Amino acid sequence: MRALALLGVFVVAKLAVLAGHPIQHSGWMPIAYLSQDVLVALAFAALDRMIGRAWFGWTMYGVTVAYAAINVPVARVLSSPLTWPMLGAARGALSSSIEHHATPENLALMALVAATGIALPLLLRPLRLNGRSALLIPAFILTALLLVAVGPLATSRVETVGLERNAIVALVTTALPRISARATDIDANENWRESPFDVDSTGEDLSRWRGSAAGRNVILIVLESAAAQYLKPYGASSDPTPNLSELARSALVFNHAYAVYPESIKGLFSVLCSRYPAMDTETESYARVATRSLAAVLSEAGYRTALFHSGRFMYLGMEAVVANRGYEVLEDAGAIGGHHESSFGVDEPSTVSRALAWIDSLQPGERFFLTYLPIAGHHPYDTPGPGPFPERDESDRYRNALHYADESLGALIEGVRARGLDERTLFVIFGDHGEAFGQHEGNYGHSFFLYDENIRVPYLIAASGLIKEQLLVDRTISLIDTAPTILDLLGSPSPVGYQGRSALEPRPGMALFYTDYSLSLMGLRDGCWKYIYELDSGRSRLFELCEEAEEYRDTSTLQPERVAAYRARLERWSAVQKDLMVNQQSSQSASSVKTGLGPAP
């Protein structure tokens, strides 16, 4: 009876999660949404019977009911039960976001599931087995097994955005490898970005900028959760970032820049080391990757190097990405201090003040590479004071957070200008990933999907006195191209092991990206085409963005050849990247070519 009661709890929890979500109605729908719940109930019954101890059965039942209750608000907000990667993030710096969603409604739904878990065993107690009911048990088990067997087929026929998953199944499956590392005889630096189809090779000629910033300081600014579509230079009606907009008036503005991974830490690894992160890999393992970071290359060329982060290096293993990467100075919220603290870190003005003080500490004429990582823009979008947007909903709070970050961006730019360094400094500014507000069903935050609101970011290159007017660049680039692009601007080739390429190169290329926080998704942008592949269900989505930029019209059934080619590329790319990360970390040469970075002018 405990297993039957548990199934009832799962059904109530699933109904609580689905309330308010649009559901695709079909004959497959009940099977798609309930098959995993039935599977876990069957497994529970088998384990309960095998152990045969009432205390064990009730303990296991209580823990499972509590876990199901906890997952109701999680799935309601994020369209995903807790996964293994999410559990790693649901501590420390995320406490502010968790508290933000502890609403009366969510607490009431959790209580409802818990109450169901208490009531059902009492209600089912009178249904004791007799001879006739015992005969029905094999029929019930066979029916349940059939339902479980048909579940994957049903899920492939119904768009569930991951809400069909049982909380236990989601946790277990995401703790297991979803991609197998597969070595090939192809060079690790194979051109994964080469389109399998003929594309228009024309585009803006940026070759005149190669080497044009030689001898300049470099300031790299990675804006937290900044999606391109909310910003004025990218067509937004409002302007939450006026300082960025002003800078864009005399900058290279890339219209189609994509994050490799819609999360800050692995995304930062792709930026600094020009290497793809890999699916199912722990961030801590990235410390063993020998590819030299941009900071290390510039340090060896005589640059002073520092990274200032308004957040905390402990978050999601960030220290493994930034430590021993060529930075002389690494300071996060703990070292910076500040006037306004949250679980994420400190106020942006304090971080900017610390960065400018570091610049002041350098000897006159010393070249420097400064990396500034703000946190304003991250959920729950808290700011020390009110912003210019009336806070009717989460997106207004988000725009106010972007505006707050932009004020400090302006302070940093003005600080550089006041020190007479603006015409000796190269600015490279971009978002680490985007932010979603329900543009697609279940898509909130940034880590769970690969739509443009999650991964298309602003990308600006500015150099006062050198780039004197705005140039809009329509070619597709990836954040993995950042280090090679900066080195190209400085007149230096890239070291061995970089997988990105300079954005100044004329040939077109694809951007590749993935996420494994919840569903296992891989995707690419190839000219006008955007493809997303869902590994768990095998579902493909293909969008022609030049015709329909909102990514609502899936054309995958109309382009089977294109879908097959993109899917094959992504499956092979992901397997090889995991092999490089897991099995060949030490084989990536740390040797370099001569930097070519001359002395300061």
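Keep in mind that what you see is a predicted model, and the values were worked out from it rather than measured.
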Search all heavy atoms of [X] against all heavy atoms of [Y] and return the closest pair with its distance.
X: Gly326; Y: Ser299; result: O-CB, 3.7 Å
X: Pro458; Y: Ala227; result: CD-C, 3.9 Å
X: Thr281; Y: Lys266; result: O-NZ, 2.8 Å
X: Arg419; Y: Asp360; result: NE-OD1, 2.6 Å

Does a donor on one side chain and an acceptor on the other come within less than 3.5 Å for Ser79 and Glu441?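 No, because no side-chain N or O of Ser79 sits under 3.5 Å from a partner of the opposite role on Glu441.
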Is the distance between the ring centroids of [X] and [Y] less than 6.0 Å?
X: Tyr566; Y: Phe197; value: yes
X: Tyr286; Y: Phe269; value: yes
X: Phe513; Y: Tyr258; value: yes
X: His378; Y: His446; value: yes
X: Tyr261; Y: Tyr514; value: yes
X: Tyr381; Y: Tyr398; value: yes
X: Trp573; Y: Tyr276; value: yes

For a side chain to side chain donor-acceptor pair (under 3.5 Å) check, start with the C-alpha distance between Asn243 and Glu407, then their side-chain angles and the critical distance, and finish with the verdict. CA-CA 7 Å; Asn243 289 303; Glu407 289 178 334; over 6 Å; no
Could you tell me whether the side chain of [Y] reaches within less than 4.5 Å of the side chain of [X], counting heavy atoms only?
X: Arg193; Y: Leu512; value: yes
X: Phe448; Y: Asn454; value: no
X: Leu471; Y: Leu206; value: yes

Given the rule in the side-chain contact (heavy atoms from CB on, under 4.5 Å) test, do Glu194 and Arg507 qualify, once you have shown the distances and angles that lead to the verdict? CA-CA 9 Å; Glu194 192 73 34; Arg507 58 196 174 108; 4.1 Å; yes
Any carboxylate oxygen within less than 4.0 angstrom of a Lys/Arg side-chain nitrogen, looking at [X] and [Y]?
X: Arg210; Y: Asp488; answer: yes
X: Arg292; Y: Glu300; answer: yes
X: Lys530; Y: Glu544; answer: no

Donor-acceptor under 3.5 Å (Glu204 side chain, Asp474 main chain): yes
side-chain contact (heavy atoms from CB on, under 4.5 Å) between Thr515 and Glu263: does it pass, once the steps are laid out? CA-CA 8 Å; Thr515 184; Glu263 178 270 324; over 6 Å; no
